[in-house]
Amino acid sequence: LVWMNQGSVQTDDDNAIRRLLGWGGLDKSAFFFIEDEDDKPIRAILRQWPALAARIAVCRCFGVDNLPQDKLLAGMLVDGELKVKAIIHRDRDFMTEPEMQKWGDLYKTDGVHPWITTPSDVEGYFCEPPYLSALYKITEAEAEDWRLEASQQVGKAHESFFEKRKTLVRILWPNGGSPDAEELWTSAGGKSPATVKGKKLLASLKNIVKAKGKNEKLLDLFTVPPGFVVAPDLKNVLAAALSVSARVDTN
């Protein structure tokens, strides 16, 4: 078996080609390993850039613990001679910026591009004030009021925050030295849009939107308003992985 991509032979290794076929990536340039089981928000974001999306195979990992580690990727991409790139998504949860850098540094293999969401998770992009403002034609100040109201309706926020921090500590701080979780919670304002998961915030926002007489189904569909770009940080990562321009007007 010989794999041809854009007219050139990439590898004649039978096992490598079968791995590509198994992932549905024979005609793709990159594997996009996503933390979530539900890939609808990610796919809604990718639809903004059809030319990029067409070159990517989305691979659901059903939880952060199932994301491929750097050694596995090195075995696939380097030893396995798969001439593709890999983008690794994980939710930010409640990482500090230094912790985001620390997690990204876990991936050192050439061709591997980690991507951590700017908000707590992918759904969080659909809860941000500029997005809500563009979607519902309201001011960003009003959108922030909606978010604050929605966050107060999220149950067990404190417990969820601490559980996520425990997971992060296990991965990032095996030898100790992590920031104090209670201090992080307090400095972020306690129960607030910054300390609840986007998934929970989005569900609560739907109730607020409906109560305001707006169409909450737009949130269900992860609607992208005309002229608005959701998750431009992801576009930059995809463009880097595919070695193309990340200009805002690029499809």
Student: Identify the heavy atoms of Pro232 and Val229 that sit nearest to each other, and give their distance.
Tutor: CD-O, 3.9 Å
Student: Working to the nearest 0.5 Å, report the span between CG of Leu132 and CD1 of Ile138.
Tutor: 6.0 Å
Student: To the nearest 0.5 Å, tell me how far Arg147 CZ sits from Gln152 CD.
Tutor: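 Reported to 0.5 Å precision, the distance equals 12.0 Å.
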Student: Please check if Ile171 and Leu67 belong to a single hydrophobic cluster, counting links between Ile, Leu, Val, Met, Phe, Trp and Tyr side chain heavy atoms closer than 4.5 Å.
Tutor: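 The answer is yes; both residues are in one hydrophobic cluster.
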Student: Does Lys199 NZ have over 12 foreign heavy atoms under 6.0 Å away?
Tutor: yes
Student: Counting distance only, does the side-chain N/O of Ser133 pair as donor-acceptor with the main-chain N or O of Pro129 below 3.5 Å?
Tutor: no
Student: Under a 4.5 Å cut-off applied to non-hydrogen side-chain atoms, are Lys85 and Ser29 in contact?
Tutor: no
Student: Is the closest side-chain heavy-atom distance between Trp49 and Val244 below 4.5 Å?
Tutor: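 No, too far: nothing below the 4.5 Å cut-off.
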Student: Looking at every non-hydrogen atom in both residues, tell me the closest pair between Ser178 and Val169 and how far apart they are.
Tutor: OG-CG2, 3.5 Å
Student: Is the side chain of Tyr131 donor-acceptor paired with the backbone N or O of Gly124 at a distance under 3.5 Å, no angle test?
Tutor: no
Student: Return the CD1 to CG distance between Ile56 and Leu238, rounded to the nearest 0.5 Å.
Tutor: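 The CG atom of Leu238 is 4.0 Å from CD1 of Ile56, to the nearest 0.5 Å.
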Student: Are the side chains of Ser160 and Lys200 in contact, using a 4.5 Å heavy-atom criterion?
Tutor: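 The answer is no, as the side chains (C-beta and beyond) never meet within the 4.5 Å cut-off.
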Student: Determine whether more than 12 heavy atoms belonging to other residues, nucleotides or ligands lie under 6.0 Å from atom CG of Asp180.
Tutor: yes
Student: Quick test of your reading: applying side chain to side chain donor-acceptor pair (under 3.5 Å), list the pairs with at least one residue in residues 92-104, sequence neighbours left out, ordered by first then second residue.
Tutor: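 Non-adjacent pairs meeting side chain to side chain donor-acceptor pair (under 3.5 Å): Arg90-Asp93, Asp93-Lys197, Thr96-Glu99, Glu99-Arg165, Glu99-Trp173, Gln101-Asp105.
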Student: In chain order, what residues pass the side chain to side chain donor-acceptor pair (under 3.5 Å) check against Asp38, with sequence neighbours excluded?
Tutor: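 In terms of side chain to side chain donor-acceptor pair (under 3.5 Å), with neighbours along the sequence ignored, Asp38 is linked to no residue.
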Student: Taking side chain as C-beta onward, heavy atoms only, is Pro68 less than 4.5 Å from Ile88?
Tutor: yes
Student: To check you understand the geometry: which heavy-atom pair defines the closest contact between Gly190 and Thr195, and what is its length?
Tutor: O-OG1, 2.5 Å
Student: When you measure from the side chain of Thr117 to the backbone N and O of Asp91, does any donor-acceptor pair fall under 3.5 Å?
Tutor: no
Student: Establish whether Phe62 and Leu72 are linked, either directly or via other cluster members, by ILVMFWY side-chain heavy-atom contacts under 4.5 Å.
Tutor: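 No; Leu72 is not reachable from Phe62 via cluster members.
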Student: Has Glu149 got a side-chain atom pairing as donor or acceptor with Trp146's backbone, closer than 3.5 angstrom?
Tutor: no
Student: Over all heavy atoms of both residues, which pair between Gly198 and Ser120 is shortest? Give the atoms and the distance, please.
Tutor: N-OG, 2.9 Å
Student: Considering non-hydrogen atoms only, spot the tightest contact between Ser192 and Gly189 and give its length.
Tutor: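 Looking at all heavy atoms of both residues, the closest pair is CB-O, 4.3 Å.
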Student: Is any side-chain heavy atom of Leu234 closer than 4.5 Å to a side-chain heavy atom of Tyr125?
Tutor: no
Student: Any chance you could pull the hydrophobic cluster mates of Phe162, using side-chain heavy atoms under 4.5 angstrom and chaining through other members?
Tutor: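 Besides Phe162, the hydrophobic cluster comprises Phe94, Phe161, Leu184, Trp185, listed by chain and residue number.
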Student: For residues 207-224, which side-chain donor-acceptor pairs fall under 3.5 Å, sequence neighbours excluded?
Tutor:
residue : atom : partner : partner atom : Å
Asn215  : OD1  : Lys217  : N            : 3.0
Asp220  : OD1  : Lys206  : NZ           : 2.5
Thr223  : OG1  : Leu218  : O            : 2.9

Student: Quick check: does any side chain N or O of Ser151 sit under 3.5 Å from a backbone N or O of Leu148, one acting as donor and the other as acceptor?
Tutor: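 Side chain of Ser151 to backbone of Leu148: a pair is present.
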Student: Any chain of hydrophobic side-chain contacts (each under 4.5 Å) joining Phe228 to Leu202?
Tutor: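 Hydrophobic grouping puts Phe228 with Leu202.
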Student: Indicate yes or no for a side-chain donor-acceptor contact from Ser204 to the backbone of Leu201 under 3.5 Å, with no hydrogens or angles considered.
Tutor: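 Not confirmed, Ser204 side chain does not pair with Leu201 backbone.
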Student: Is any side-chain heavy atom of Met76 closer than 4.5 Å to one of Phe31?
Tutor: yes
Student: Roughly how far, to the nearest 0.5 Å, is the CD atom of Glu123 from the NZ atom of Lys40?
Tutor: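 These two atoms lie 10.0 Å from each other.
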Student: Please list, chain by chain and in numerical order, all residues satisfying side chain to side chain donor-acceptor pair (under 3.5 Å) with Trp115, sequence neighbours excluded.
Tutor: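 So Trp115 forms a side chain to side chain donor-acceptor pair (under 3.5 Å) with Asp233.
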Student: Tell me whether Met100 shares a hydrophobic cluster with Leu106, the cluster being built from Ile, Leu, Val, Met, Phe, Trp, Tyr side chains joined at under 4.5 Å.
Tutor: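 Linked, Met100 and Leu106 end up in one cluster.
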Student: How far does NZ of Lys108 sit from CG of Asp110, to the nearest 0.5 angstrom?
Tutor: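 Taking NZ in Lys108 and CG in Asp110, the distance rounds to 12.0 Å.
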Student: Between Lys28 and Val84 (side chain of the first, backbone of the second, donor and acceptor by atom type, cut-off under 3.5 Å), is there such a pair?
Tutor: no
Student: Can you name the salt bridge (charged side-chain N to carboxylate O under 4.0 Å, His left out) partners of Arg43, sequence neighbours left out?
Tutor: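 Checked Arg43 against salt bridge (charged side-chain N to carboxylate O under 4.0 Å, His left out); matches are Asp39.
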Student: If we only count heavy atoms from C-beta on, is the Ile34 to Val122 side-chain gap below 4.5 Å?
Tutor: no
Student: Take Glu37 and Asn66 through the side-chain contact (heavy atoms from CB on, under 4.5 Å) test and state the conclusion after the steps.
Tutor: CA-CA 11 Å; Glu37 176 180 356; Asn66 297 324; over 6 Å; no
Student: As an exercise, state the distance from CG of Leu77 to OG1 of Thr109, rounded to the nearest 0.5 Å.
Tutor: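 Rounded to the nearest 0.5 Å, the CG-OG1 separation comes out at 7.0 Å.
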Student: Considering residues, nucleotides and ligands other than Glu182, do more than 12 of their heavy atoms fall under 6.0 Å from its CD?
Tutor: yes
